Number of protein chains: 4
Amino acid sequence: MTKKTRAGGVAVDQLRSIVQRIEKLEEEKAAIAADIRDVFAEAKGNGFDTKAIRSVIKLRKMDAQEVEEQETVLDTYRRALGMLPEMASEDEMEAA
Amino acid sequence: MTKKTRAGGVAVDQLRSIVQRIEKLEEEKAAIAADIRDVFAEAKGNGFDTKAIRSVIKLRKMDAQEVEEQETVLDTYRRALGMLPEMASEDEMEAA
Amino acid sequence: MTKKTRAGGVAVDQLRSIVQRIEKLEEEKAAIAADIRDVFAEAKGNGFDTKAIRSVIKLRKMDAQEVEEQETVLDTYRRALGMLPEMASEDEMEAA
Amino acid sequence: MTKKTRAGGVAVDQLRSIVQRIEKLEEEKAAIAADIRDVFAEAKGNGFDTKAIRSVIKLRKMDAQEVEEQETVLDTYRRALGMLPEMASEDEMEAA
DNA sequence: AACGTTGAAATAGTTC
DNA sequence: GAACTATTTCAACGTT
C-alpha cells in the first residue's frame with residue numbers, strides 16, 4: 001500500500017504543511033509581540049508613560065490628513081453637544 | 001429664529017439622543033456589573049473560592065456553545081491531521 | 001437519608017444559587033450590551049461616525065482634569081520627538 | 001552648547017530609542033502577518049477551506065493549553081454542580 | 001466595496 | 001503596585 005496521502009478526500013501532506021507553516025509563523029509573531037511588551041515594560045520601569053508612547057506611535061503611523069479628518073468629525077460632534085465653543089455655522093453665515 | 005437642530009452639518013437633536021441613550025444603557029450595565037460584584041463578594045464571605053466559581057461559569061458557557069459547533073469540513077481536516085479517530089475513508093469504502 | 005446538600009465538602013445548594021444568580025445577571029448585562037450595539041448600528045445607518053461618538057462619550061465620562069493631564073504628557077512626548085513645535089524649555093529659560 | 005538630551009523634562013534620546021525599537025518590531029510583526037496571509041491565500045488557491053484551517057489551528061492551540069489546566073477546587077465545584085461524574089465523597093468514605 | 005462577523009490587541013478594573 | 005482577568009476597541013476576513 002502506498003503511504004497515505006489522501007484521507008476523506010483531502011491531501012493530507014499538503015494540509016499538514018500548510019498548518020505547520022502557519023503555526024511556525026504565528027510562533028514568530030508571538031515572540032515579537034513579547035519583545036514589544038518587554039520594551040514597554042522597560043520604558044515603564046524608566047518612568048515613561050506607556051499609554052502616551054502608544055499614542056505617539058499611533059500618530060506617527062497615521063499621516064497628517066487622517067489625523068485631521070478624525071479630529072474634525074470629533075470636534076464637530078463636540079460642538080454640536082456644547083462641549084466646545086461654537087464656530088460660525090453655515091446657517092449663520094447665510095443669515096449675515 | 002427656529003430652534004437650532006443642525007450645527008456644522010449634523011443633526012444635533014439626533015446626535016444628542018443617541019449619546020444620551022447610550023449613556024443611559026451604560027449606566028444600567030454598570031449597575032448590573034456592580035450587582036455581580038456583590039454576589040461574588042457575598043460568596044467569598046461565605047468561604048467560596050471565587051476564582052473557581054468564575055471558572056465554573058465560564059465552562060458552563062463554553063459547554064452551551066460547543067453543542068452548536070459545525071461538524072463538517074472541520075472534522076475532516078482534524079481527522080486528516082490525526083486530531084480525531086478516523087472514520088472509514090471513501091477509498092476504503094470503495095475497496096470493500 | 002437527607003437530601004444531598006454537601007458534596008466534597010461544598011454547600012451545593014448555596015453554590016448553585018450563587019452560580020444561577022450570576023448567570024442571570026450576566027444575561028441581563030449581555031442584553032444591555034446588545035441594546036447598545038443596536039443604538040450604534042442605528043446611528044451608523046443614519047450616517048453618524050460611530051468611532052467619533054465613542055470618543056465623545058469617553059470624553060464626557062472623563063473630567064476636564066483627566067483630559068488635560070493625558071494631553072499634556074502626550075504633547076510633551078510629541079515635542080520631544082519633533083512632532084510638534086517646541087515651547088521654551090526649562091533649560092532655555094534658565095539660560096536666559 | 002551640549003547636545004539636547006532633555007526637553008520638557010523627558011530624556012529625548014531614550015524616548016526616541018524606545019519609539020524606534022517598537023516601530024521596528026511592529027514592522028517585523030506586520031511582515032510576518034503578511035506571510036501568514038500569503039500562506040492562507042495559497043491554501044485557498046489549492047482548494048482548501050481556509051476557515052476550517054483556522055479552526056484546526058485554533059483547536060490545536062486550545063488542546064495544548066488545556067493540558068496544563070489546574071484540577072483542584074474547580075473540579076470539586078464542577079462535581080457539585082453535576083458537570084463532572086462524582087468521585088467518592090469524604091462523607092461516603094467515612095461511612096465505609 | 002460596505003457590511004457584519006470574528007479574532008487579536010489594548011485598556012481598564014480587580015485581586016493579592 | 002504588580003499580575004491577572006475582563007471588557008472594550010481595533011483590524012482583518014469573508015460576504016452580499
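The structure displayed is predicted, hence computed values, not measured ones. Note that these values count all heavy atoms, side chains included, but never hydrogens, waters or copies made by symmetry. So that the names make sense, note that chain A is the first sequence line, chain B the second, and so on, each numbered from 1.
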Considering only distance and modelled atom types, tabulate donor-acceptor pairs under 3.5 Å from the side chains of residues 30-38 of chain D, sequence neighbours left out.
none

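- For B:E26, there are no side chain to side chain donor-acceptor pair (under 3.5 Å) partners, not counting sequence neighbours.
- The side chain to side chain donor-acceptor pair (under 3.5 Å) check on A:E42 picks up D:R21, with sequence neighbours excluded.
- The distance between atom NZ of C:K61 and atom C1' of E:dT11, rounded to the nearest whole Å, is 12 Å.
- If you take CD of C:Q70 and C1' of E:dA10, they are 14 Å apart, rounded to a whole angstrom.
- Residue pairs satisfying the side-chain hydrogen bond (donor to acceptor under 3.5 Å, both in side chains) criterion with at least one member in residues 43-56 of chain C, sequence neighbours excluded, are listed as follows: A:Q70-C:K51.
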(message) Base contacts versus sugar-phosphate-only contacts with protein, heavy atoms under 4.0 Å: please encode nucleotides 6-16 of chain F as B, S and - from 5' to 3'.
(response) SSSS---SS--
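- Between C:D38 atom CG and E:dT5 atom P the separation is 11 Å, expressed in whole Å.
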Pair up each side-chain donor or acceptor in residues 56-68 of chain A with any protein partner under 3.5 Å, not counting sequence neighbours, and list the distances.
| unit_1 | atom_1 | unit_2 | atom_2 | d |
| --- | --- | --- | --- | --- |
| A:R60 | NE | D:E23 | OE2 | 2.7 |
| A:R60 | NH2 | D:E23 | OE1 | 3.0 |
| A:D63 | OD1 | A:Q65 | N | 3.3 |
| A:D63 | OD1 | A:E66 | N | 3.0 |
| A:Q65 | NE2 | A:E69 | OE2 | 3.3 |
| A:E66 | OE1 | A:D63 | N | 3.3 |

